[in-house]
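So you know, we letter chains A, B, ... as the sequences are listed, proteins then strands, and number each from 1.
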Amino acid sequence: VINIAKSGLYRSLVVVAAALAACSSDPEVIDPPSFNRSERLEWACFDTLKGQPVPLSNCQAAPGESLPDGIRLHVLVTQSARGEVGAIDIYQDNPDDSRRVDNDIRVPGYTFPAVGEIPSAVVVPPSRPDFTYVANFGSHDITLLSTSLFRVNLLPPFNEQFVSVPLPEAPTDMVLSPDESTLFVTLPELGAVGVVRIADNGGLYAPTLVTLSQPTTFEVSVDVEEESFQKVCPQDAAVSQPDANTPITPPRCRRDCATATPYPWALEIDLANRRLLVTDASLPVIHVLDMDSLIAGNAGAELTPIAVGSPMLDVVLTPPVPRTFGAECNPAEPGPDCAQYLYGVDAVDGSVAVLDYAQQAILLVSAQGSERSDRIVLDAPAIGLALIASDLNSRTLCSPGSEFEQNARATQLRGVFIGTALQNGLVQFIDVWDMDATCRGGANCDDFSREIGTNVYIRRHRARLIGAESSDVGLVGNPSVSSLASTATVPPNGVTDSDLVPDLAPVGDCPAGQGRGFPLEVFQEDTLVCAVSDPWDRTVENWTASWEGILPAASGGAGVLRRDGRVLDAPADFCGAGVLGRDNVVDSPLEAGQDPEFGYPGDQLVIISELPVTAPEGCQNLEQEGLSGETLPIVFAIEEARQDALVLSATTVGAIVVPFETIAECYGELVQYEVAVRDAYVVQGSLTGLLHRVAEDNGRCVVDTQADVRRQARAFPGAAFVNTALSFRIAESQAAFPEGEEIVINFPLQELVQHVSIDAGASETRNAVPGDGTLPSSLRFNHINQRLYTVDSALSGVVQFTVKPLAAESFFE
Amino acid sequence: MCRVFQLKLAVCASACLLAFCSNFRNEGLDPPPTQLYFPIAVALSPQQCASGPCSLYVVNSNFDLRYNAASVQALDLELVQTALDGCLDPPCDFPDYAGVVRPGGEVFLGSYASDIALAPAGDRFYVPIRSDANLTYVDVLPDLSLSCGGTGDRHQCSSDYERGQMASSNPRGVVMPRDPIAVIAGSLQDDLEVPGDGNFIVTGHGDGQVGLFLEQIEGASGAPTLVDIDDGYPDGLTSLRYDTSTKTIYGTSRYEPLFAEGGVAIEPTMMDRSFIYSSGTRRYIGLDDGSDTRDVQVDAAARKAYVVSRLPSALVILDLARQAQLSQQVAVSAVVGLGFGPSRVEHAFFPQIGRTLVFVSCFDQPTLYIIDPQLERLTGTVAGFSGPFDLAIDVQRALIYVADFSSSVIRIVDLSQLMAGGGAHVIATVGEERPVKEIQ
């Protein structure tokens with residue numbers, strides 16, 4: 001019913017739009033809508049001269065050859081809002097001729113065969129493609145329609161286009177067994193996998209259900225690959241190594257693990273072992289089912305699940321690949337030199353987990369101190385994965401002088417890669433097996449002619465990288481110091497022109513994991529700034545150190561000044577915001593020389609409310625002008641920080657000195673406030689934010705000395721500052737800064753390499769830019785034509801990319 | 001296509017605005033009685049009748065300034081239900097709109113009415129007026145008829161009910177900023193623990209200002225009085241929502257990838273010293289790029305917020321519990337893609353199925369989207385609109401009332417089949433369709 005109504009609506013819209021355009025003096029070309037909230041993809045091969053589907057293998061052209069006349073690959077795309085599946089006719093030899101198929105020429109715009117409501121998966125059996133099967137989330141059924149419908153010009157009436165087989169609940173995914181005899185569907189609300197046999201005539205039997213068991217343990221097995229597949233140029237470039245002793249995040253469930261039950265979400269097939277892998281969107285496991293038992297209807301199909309630490313939204317299994325650089329791996333007889341990996345999207349935070357499939361162990365992939373050592377973190381949360389197995393039939397490695405050498409570069413995807421669709425509209429890639437690795441940067445890291453810059457970083461289970469700069473730049477760009485009056489860059493010796501602007505002092509040897517950031521060695525000056533050098537561990541962002549700057553999460557508007565106890569009460573989490581009072585520092589078990597917070601006098605409270613117009617007479621003396629005409633703030637020293645209260649000094653500090661009681665009387669009880677650091681710089685990253693190790697203990701804020709000492713929010717003049725991203729030393733100023741002065745030192749971390757990315761909504765004909773609202777809904781690599789397809793649900797488009805090199809080829813919307 | 005359509009509307013409106021800009025109060029044409037005319041906001045009364053909420057309040061914006069006033073009507077939902085009971089072959093048309101408006105259930109107010117907020121007790125509601133920047137309040141009398149200072153069954157609100165324009169009425173000497181586009185209201189006692197009757201009302205303005213009105217100001221006889229203005233919210237403010245569990249006001253912006261937070265601070269002993277504040281903004285990270293958000297709803301029980309985004313076109317689900325642990329970022333839990341032009345969001349818990357469902361209207365691609373926030377995915381769509389905008393969910397009757405702005409009608413969506421595992425459908429249209437193309 002929804003489909004009919006919508007079709008009618010669209011027709012009327014077209015008529016209205018046409019009428020409006022006709023009345024205009026500047027007629028506009030109207031592009032009728034076609035795709036609408038596209039989501040999932042499938043392939044079909046057609047003999048277009050006969051209008052009939054043919055086995056998918058018919059669409060596989062030999063290298064350098066064209067397909068026979070009329071034989072063309074089609075990409076089927078679910079239209080989830082309208083309950084349809086549309087087709088794209090792919091012209092392999094001339095992608096510009098590829099086009100959407102309009103299945104009802106009587107109707108303006110594009111019309112596609114109807115299926116059920118909210119289609120969630122579509123399957124065309126590769127060798128018996130007469131029927132297409134569509135799992136429908138909204139109508140709780142599987143639609144069975146003739147695949148030839150995708151080539152007709154005039155669709156039959158709505159109710160004759162398909163038949164459907166009901167499911168007991170909403171399906172989220174569906175796959176076909178390798179023998180094409182059975183469909184498997186996930187039914188999360190029932191905690192079950194549905195098994196639907198396909199009859200010889202293509203019809204469907206009623207589903208049987210396999211209810212998944214509650215796992216007995218969520219304990220994760222963790223491993224570190226001692227020797228992995230990697231190539232790094234220059235060869236002495238430091239990259240961090242995962243530590244097997246790193247404590248990993250405890251297993252997480254979508255909600256409470258104690259009450260969570262199986263919630264099967266997505267499916268993957270292990271062809272070699274004939275297993276069905278079922279991700280769980282609630283429990284931190286991947287369920288494993290024996291496919292033969294499932295198909296035969298035997299009991300005991302469920303095998304021991306794999307604990308993965310978090311619920312997973314999507315999962316892909318790689319083919320066997322060489323375990324290390326140079327190892328020989330025959331996929332037909334995979335031995336110890338082969339490795340196979342399972343990648344999954346963590347449903348909790350959108351990171352990517354990698355599992356050694358044979359060992360069933362989660363691999364640690366990042367250095368200790370990283371936010372997640374057991375996850376690959378990309379530029380944004382991942383939504384879906386695609387296995388890219390490019391040129392895998394030949395498995396021929398690039399070697400010096402080989403035919404592959406001239407194209408070996410970061411954007412040439414030859415081998416095995418994991419495409420990762422991200423929530424920010426980009427697709428990024430994870431290196432698994434780059435068959436051109438030997439040629440990248442030259443066999444001896446001596447030829448960067450095909451690369452950008454002079455670095456090559458290839459490392460299995462890490463984001464694929466490409467150089468960002470062709471000239472020599474350091475890890476950190478020129479620091480600058482800004483004040484209310486001016487901004488000046490810091491010279492290579494760190495000594496600024498003015499006594500009123502702080503200098504940078506030599507930092508000494510860089511801490512472990514960090515390298516010389518500024519200035520470059522060519523200046524022959526001492527190192528002033530160090531920064532993390534491992535390109536996979538560093539975040540490119542701007543760090544600032546602001547003199548007596550505010551702690552960003554400690555501001556509020558509903559502070560209540562209580563005369564009793566001299567406190568400011570507020571609906572706040574001062575400990576979580578990193579606030580420290582004098583007594584909190586004294587009471588924390590800190591050691592001089594080891595804990596940077598040792599001896600800190602405590603933060604200060606700044607009242608930013610305007611003096612009420614109803615304030616008693618005499619209060620107006622509190623309004624005094626500062627350096628640039630602004631009203632000077634009212635400032636108290638914080639003696640003790642509690643979770644939701646601050647004990648303040650008896651009198652204000654700074655330029656205006658009055659007792660607490662005077663402020664309470666003049667401002668009334670309610671004030672707006674900020675918390676600023678005192679006699680120090682507050683340090684924060686533009687992406688990382690503020691790091692600190694302040695915790696709440698019995699309602700009071702304390703320094704958590706068990707936490708990483710590099711989680712520091714304050715840099716003290718004259719003392720070295722070291723955090724997880726950079727280190728520096730700000731010299732003590734020659735003169736006190738004037739009241740109200742705003743000194744900010746900027747440390748811009750440089751982008752030496754960047755993640756290889758494509759925009760899921762990009763094409764030659766569509767100028768995709770950041771901020772245009774791309775939202776990938778799925779990603780899939782077609783091994784038949786060796787193309788990568790992205791689906792953008794928000795812009796309702798499908799983009800076809802080549803992977804050798806990586807480039808947008810066609811855009812369909 | 002619909003963007004073209006919308007552009008033409010905007011051009012038309014701008015032209016009208018220019019023509020009338022100095023003369024919003026012209027004698028002009030009186031609005032015809034009980035006519036839907038560009039309905040822009042709807043709200044259900046808390047008062048309960050036999051089968052559910054007694055009234056649906058419909059705010060008509062007078063968007064093209066054809067008439068000299070906007071209007072609010074109170075629909076008798078029991079009469080609407082009776083009509084629906086007689087609809088045997090849906091969808092049904094009920095062009096006799098006047099037949100379902102309560103006696104005394106219509107008042108006229110300034111043009112460009114933009115939103116509506118009900119007092120929790122249901123005895124009053126508040127409508128921001130963009131034409132001359134005031135907050136008009138309307139009393140709901142015990143017989144559920146409407147009153148705003150005029151006389152007769154159908155009257156124009158008096159100037160006493162238009163608030164925020166007098167600097168002398170408050171110690172800070174503030175007047176209501178221009179372009180009020182959103183309003184929220186809450187009980188001083190229940191929501192802010194301030195003894196006594198009365199409400200607080202917060203208006204949001206397109207330039208990022210917010211205004212605080214209070215109803216306990218001495219000498220104001222219980223009328224809302226503007227006491228403070230704050231300009232710390234993002235430019236392009238599009239909506240406001242109040243989180244009762246944390247006493248936080250959230251705001252969305254159409255120009256910046258920011259999620260605003262703030263609150264109100266009440267000085268119980270000197271109410272006119274109370275103030276409204278911004279406690280900062282959080283940035284959307286990892287979206288492309290979150291710089292145009294149009295509406296937000298708070299699910300206090302689940303500690304989630306549902307944000308309507310146009311870049312990308314999606315419902316962005318926020319994890320408010322996790323967000324409290326972050327200093328400057330929005331905690332995005334999921335992003336569910338929608339059609340073009342998502343506009344308004346509402347959510348409700350349905351005891352019939354033990355689930356919360358979220359509904360988003362898409363104006364440009366005229367569809368109502370249904371999202372299951374637990375599954376974090378689309379579970380249904382409803383077609384049959386021209387330009388759906390605001391909506392109100394009637395849980396007891398399993399209905400949604402949708403203001404179809406482009407056709408000047410109210411569409412009624414039946415959820416009963418959805419509750420039984422089926423789909424949702426438009427089952428009735430109330431009012432006579434007046435497609436935009438017919439506007440002169």
*asked:* What part of B/Glu261 gets within 4.5 angstrom of chain A, counting heavy atoms only: side chain, backbone, both, or neither?
replied: neither
_Please find the pair of heavy atoms, one from B/Gly286 and one from A/Ala380, that lie closest to each other, and give the distance._
CA-CB, 3.8 Å
*Is it true that A/Glu610 and B/Arg172 make a salt bridge, defined as a side-chain N closer than 4.0 Å to a carboxylate O?*
no
*Name the region of A/Ser282, side chain, backbone, both or neither, that has any atom closer than 4.5 Å to a heavy atom of chain B.*
neither
*How long is the gap from CG on A/Leu775 to CG on B/Leu287, to the nearest 0.5 Å?*
8.0 Å
_Gap separating the OG atom of B/Ser313 from the CG atom of A/Asp792, nearest 0.5 angstrom_ = 9.0 Å
*Where is the tightest heavy-atom contact between A/Thr774 and B/Asp288, given as atom of each residue plus distance?*
N-OD2, 2.8 Å
*Give, as side chain, backbone, both or neither, the part of A/Tyr673 having an atom under 4.5 angstrom from any heavy atom of chain B.*
neither
*Flag the pair B/Arg377 / A/Thr172 as yes when at least one side-chain heavy-atom distance between them is below 4.5 Å, and no otherwise.*
yes
*Supply the atom-to-atom distance A/Ser609 OG to B/Phe275 CZ, rounded to the nearest 0.5 angstrom.*
5.0 Å
*Can you find a heavy atom in the side chain of B/Leu375 that is under 4.5 Å from one in the side chain of A/Tyr263?*
yes
*Pairs of heavy atoms under 4.5 Å with chain A: top-ranked of B/Ala265, B/Gly337, B/Ser278*: B/Gly337
_Heavy-atom check, side chain of A/Asn424 versus side chain of B/Asp289, under 4.5 Å_ = no
*Test side-chain contact (heavy atoms from CB on, under 4.5 Å) on B/Asp230 and A/Gln672 and set out the steps.*
CA-CA 12 Å; B/Asp230 184 88; A/Gln672 292 174 267; 4.3 Å; yes
*Is any side-chain heavy atom of B/Leu378 closer than 4.5 Å to a side-chain heavy atom of A/Phe137?*
no
*With side chains defined as the heavy atoms from C-beta onward, is the minimum distance between A/Glu189 and B/Gln374 less than 4.5 Å?*
no
*When only pairs under 4.5 Å are counted, which of B/Thr379, B/Val332, B/Ile276 shares the most heavy-atom pairs with chain A?*
B/Thr379
*asked:* For A/Pro612, is there any backbone N or O sitting under 3.5 Å from a side-chain donor or acceptor partner on B/Arg273?
replied: no
_For B/Tyr369 versus A/Ala81, what's the shortest heavy-atom pair and its separation?_
OH-CB, 3.9 Å
*Pick one of side chain, backbone, both or neither for A/Ile118, based on which atoms fall under 4.5 Å of a heavy atom in chain B.*
side chain
_Using modelled atom types and a 3.5 Å cut-off, is there a donor and acceptor pairing between side-chain atoms of B/Ser279 and backbone atoms of A/Gly557?_
no
*Spatial distance of atom CD (B/Gln329) from atom CG (A/Leu687) [nearest 0.5 Å]*: 8.0 Å
